[in-house]
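Below is one structure, written out as structure tokens; comments come after it.
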Amino acid sequence: MLFTAAHNDLILDIYKWNAEKGRFIPWRQITSDNKNPRMGGQLFEYHGNIYYPAQDCNSNYGGAIQIKKINYSDGEFSFKTVKRITSPHPKMKLGLHTLNEYKGAVVIDVHGYRHPIAGKIVDWMIRIKKKTKSHK
């Protein structure tokens, strides 16, 4: 299977491998009420359970990673967030974008302001703009 949320931040698209066609084909769509189905790393197994890191984009794009336990029963998927991880970097606090493991090495992609003072001012202006739009 292939999980993606490339088309919409509220919908997890699940594709299934089709050997006849030699490609993944759409199989299921799962809607979320939060901006958090976007993949933030590869699926992994831990103690017999399957998990996936999902980007928590509710506050900002890739603001944190939610580790979600995947359950599949009676043809239906369900997900339970078991852990939320924010950036551990002292200067790159805007978010933790991806979390992957390969051959024993863990790779974490965090992000922050290139120009901290200007970045914080721009973020403040964007938040003010959003608030004024929501009050109309």
Straight-line distance of [X] [atom1] to [Y] [atom2], nearest 0.5 Å:
X	Y	atom1	atom2	result
Gln66	Cys57	CD	SG	9.5 Å
Asn71	Asn49	CG	CG	7.5 Å
Arg38	Thr4	CZ	OG1	7.5 Å
Tyr51	Thr81	OH	OG1	12.0 Å
Thr86	Lys93	OG1	NZ	5.5 Å

Beyond-backbone contact of [X] with [Y], side-chain heavy atoms, under 4.5 angstrom:
X	Y	value
Tyr102	Val107	no
Leu96	Pro88	yes
Leu99	Ile67	yes
Ile70	Leu43	yes
Arg23	Ile25	yes
Phe77	Leu12	no

> Taking all non-hydrogen atoms of both residues, which atom of Gly95 and which atom of Ser87 are closest, and how far apart?
Replying inline: O-CB, 3.6 Å

> So which heavy atom on Gln55 is nearest to which on Thr98, and how close?
Replying inline: NE2-CG2, 4.3 Å

Do [X] and [Y] belong together in a cluster built from hydrophobic side chains that touch within less than 4.5 Å?
X	Y	answer
Val110	Ile65	yes
Ile85	Ile108	yes
Ile30	Met1	yes

> Quick one: does Asn100's side chain have a donor or acceptor within less than 3.5 Å of a partner on Gln42's backbone?
Replying inline: yes

>> Check this for me: Tyr72, atom OH, are more than 12 non-hydrogen atoms of other residues, nucleotides or ligands nearer than 6.0 Å?
In response: yes

>> Quick check: Tyr15 with Trp27 (ring centres under 6.0 Å apart)?
In response: no

> Parallel, tilted or perpendicular: which describes the rings of Tyr52 and Phe79, with under 30° parallel and over 60° perpendicular?
Replying inline: perpendicular

